[in-house]
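All ligand and atom numbering here is 1-based and tracks the order in the structure.
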Amino acid sequence: MPTMRAALISRANGPFDLVERPIPAPGPGAVRIRVEACGICHSDAFTKEGTFPGVTYPRVPGHEVAGVIDAVGAGVTGWQAGDRVAVGWHGGHCGHCESCRRGDFVTCQVSPQVPGITYDGGYAEYMVAPTGALARSPDGLSAVEAGPLMCAGITTFNALRHSGARAGDTVAVLGIGGLGHLGVQFAARMGYRTVAIARGTDKEALARQLGASHYIDSRTQDPAAELLKLGGARVILATVTSGPAMTAALGGLGLNGTLLIVGAALEPIEVPPLLLIGGRRSVAGWPSGSAIDSQDTLRFSELTGVRPMNEVYPLSKAAEAYERMMSGQARFRVVLTPDR
Ligand SMILES: NC(=O)c1ccc[n+]([C@@H]2O[C@H](COP(=O)([O-])OP(=O)(O)OC[C@H]3O[C@@H](n4cnc5c(N)ncnc54)[C@H](OP(=O)(O)O)[C@@H]3O)[C@@H](O)[C@H]2O)c1
Ligand SMILES: [Zn+2]
């Protein structure tokens, strides 16, 4: 039986085990993808640490996958071997089933499966995905470019395009990591006056190159006060993993401003009710989106020149690559490619 290499986690907080396993066969309604690249998202910590509801082991992480279809399962139409595809965080929140009606989208009955969480993802040479999770990858993007757009990209793109901000509005991106560096590019390409906020000054030059017209160092400056000097933000897109960092920026919202949270911080944020009432301000969250939203993200990026800045590691160094992402030192996304 032909085998493939994969990096898997066999228990919560366990190490990455580099294993040889049989190449999986696609079941009905699914395809097998020969993985060409897989981004490492901070949300892979959910699998590594076992902090996401429903994660099961052993599990191959990875939900920023780009590659080529290599086999199709029974009943698949519209997809064939050789198609360039990408798979992102997909699953939950169909919006129609009984779980979603209760607001409990983690148990969504229509699309309860998330790659890298409830089925094996892209830290491998091959993966199997349901066709509902597939986005077509445009020719103008390489696999290494497309991978990170499938979670870091779609999440910031989709959040911004639904945020209510209009061209010319001031939009701040809080946290310039994997999500944030793409958020800055999308915000600038969408025509917003784009403010990057990060700790320290070492990311300032890169943030400006990516399209930020303003930069706030949250270590030495008060982000809320600095945003108010610019007239207040219509949207603060919070990509940080820290609740207190979100609290510190909240006061920088202008009239009708929204703190739009995509960063999965575990600590709470503090929200003064009067701040919300007086200026009709709000605090909201945003999950990534559907496969069609992913396709839109890829197409927008191809058209406008949005590209992830990546550090590429071979799959055999998955553990080192993951630690590099977790260290906050990566500029800005770490991407795995097969050793073959
Ligand atoms: N909503 C969704 O659908 C969705 C999708 C993907 C990821 N996420 C979540 O989004 C978050 C970011 O993911 P990522 O892949 O972009 O991670 P990342 O590349 O590791 O970036 C993390 C960011 O958090 C900031 N940060 C870390 N520790 C901090 C602290 N103590 N105080 C202030 N800021 C801190 C860093 O800010 P500096 O720039 O200042 O260093 C950096 O910008 C994660 O929580 C991830 O789980 C959510
Ligand atoms: Zn992700």
Sidechain N-carboxylate O distance under 4.0 Å for [X], [Y]:
{"X": "R59", "Y": "D120", "answer": "yes"}
{"X": "R208", "Y": "E204", "answer": "yes"}
{"X": "E226", "Y": "K229", "answer": "yes"}

* F52 vs W89 aromatic rings, parallel, tilted or perpendicular, using cut-offs 30° and 60°? ->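 Ring orientation, 0 to 90° scale: perpendicular.
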* For the residue pair F300 and F157, does the interplanar ring angle fall in the parallel (under 30°), tilted (30 to 60°) or perpendicular (over 60°) class? ->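 Geometry flag for F157 against F300: tilted rings.
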Do any nitrogen or oxygen atoms of [X] come within less than 3.5 Å of a nitrogen or oxygen of ligand 1?
{"X": "V262", "value": "yes"}
{"X": "G177", "value": "yes"}
{"X": "I197", "value": "no"}
{"X": "A245", "value": "no"}
{"X": "G178", "value": "yes"}

Classify the contact between [X] and ligand 1 as side chain, backbone, both or neither, using a heavy-atom distance cut-off of under 4.0 Å.
{"X": "W89", "answer": "neither"}
{"X": "C151", "answer": "side chain"}
{"X": "M326", "answer": "neither"}
{"X": "A264", "answer": "both"}

Write out the residue and atom name of the closest protein heavy atom to [atom], then the distance separating them to 0.1 Å.
{"atom": "atom 32 (N) of ligand 1", "value": "S242 CB, 3.4 Å"}
{"atom": "atom 38 (P) of ligand 1", "value": "K203 NZ, 3.4 Å"}
{"atom": "atom 29 (C) of ligand 1", "value": "R199 NH1, 3.2 Å"}
{"atom": "atom 3 (O) of ligand 1", "value": "S288 N, 3.2 Å"}
{"atom": "atom 5 (C) of ligand 1", "value": "T155 OG1, 3.3 Å"}
{"atom": "atom 16 (O) of ligand 1", "value": "L179 N, 2.8 Å"}
{"atom": "atom 15 (O) of ligand 1", "value": "R333 NH1, 2.7 Å"}
{"atom": "atom 47 (O) of ligand 1", "value": "S43 OG, 2.7 Å"}

* Flag if over 12 foreign heavy atoms under 6.0 Å of CD, E267 ->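 Correct, the count exceeds 12.
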* For atom CZ of R331, decide whether the heavy atoms of other residues, nucleotides or ligands shown that lie under 6.0 angstrom number more than 12. =>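 For R331, atom CZ is crowded (more than 12 foreign heavy atoms under 6.0 Å).
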* To do: Rounded to the nearest 0.5 Å, what's the gap from CE on M326 to OG1 on T241? Could you check?
  =>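 M326 CE to T241 OG1: 8.0 Å, rounded to 0.5 Å.
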* Asked: How far does CG of L182 sit from CG of L237, to the nearest 0.5 angstrom?
  ->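 L182 atom CG to L237 atom CG measures 11.0 Å (nearest 0.5 Å).
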* To do: Enumerate the atoms of ligand 1 whose separation from the nearest heavy atom of A198 is less than 4.0 angstrom.
  =>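 What qualifies from ligand 1 is 39 (O), 40 (O).
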* Numbered atoms and elements of ligand 1 in range of P287, under 4.0 angstrom, heavy atoms ->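 What qualifies from ligand 1 is 3 (O).
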* Given atoms NE2 of H63 and SG of C41, what angle do they subtend at the Zn ion (ligand 2), to the nearest 10 degrees? ->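 It is 110°, given to the nearest 10°.
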* Asked: Should A152 be listed as contacting ligand 1, given a heavy-atom distance under 4.0 Å as the test?
  ->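 Per 4.0 Å heavy-atom rule, A152 does not contact ligand 1.
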* Any heavy atom of C41 sitting closer than 4.0 Å to ligand 1? ->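 Right, C41 reaches ligand 1.
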* Asked: Are any non-hydrogen side-chain atoms of S288 and D293 less than 4.5 angstrom apart?
  -> no
* Quick one: are V171 and M190 in side-chain contact, heavy atoms under 4.5 Å? ->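 Contact flag for V171/M190 side chains = no.
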Does a donor on one side chain sit under 3.5 Å from an acceptor on the other, for [X] and [Y]?
{"X": "T47", "Y": "D44", "answer": "no"}
{"X": "R333", "Y": "N310", "answer": "no"}
{"X": "R193", "Y": "T170", "answer": "yes"}
{"X": "T3", "Y": "E20", "answer": "yes"}

* Asked: Near the Zn ion (ligand 2), is there an N/O/S atom from H42 that is less than 2.8 Å away?
  -> no
* Asked: Among T241, V334, T239, which residue places a heavy atom closest to atom 26 (N) of ligand 1?
  -> T241
* Asked: Nearest non-hydrogen atom to atom 20 (O) of ligand 1 belongs to which of M150, H42, E267?
  ->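 Answer by nearest heavy atom: H42.
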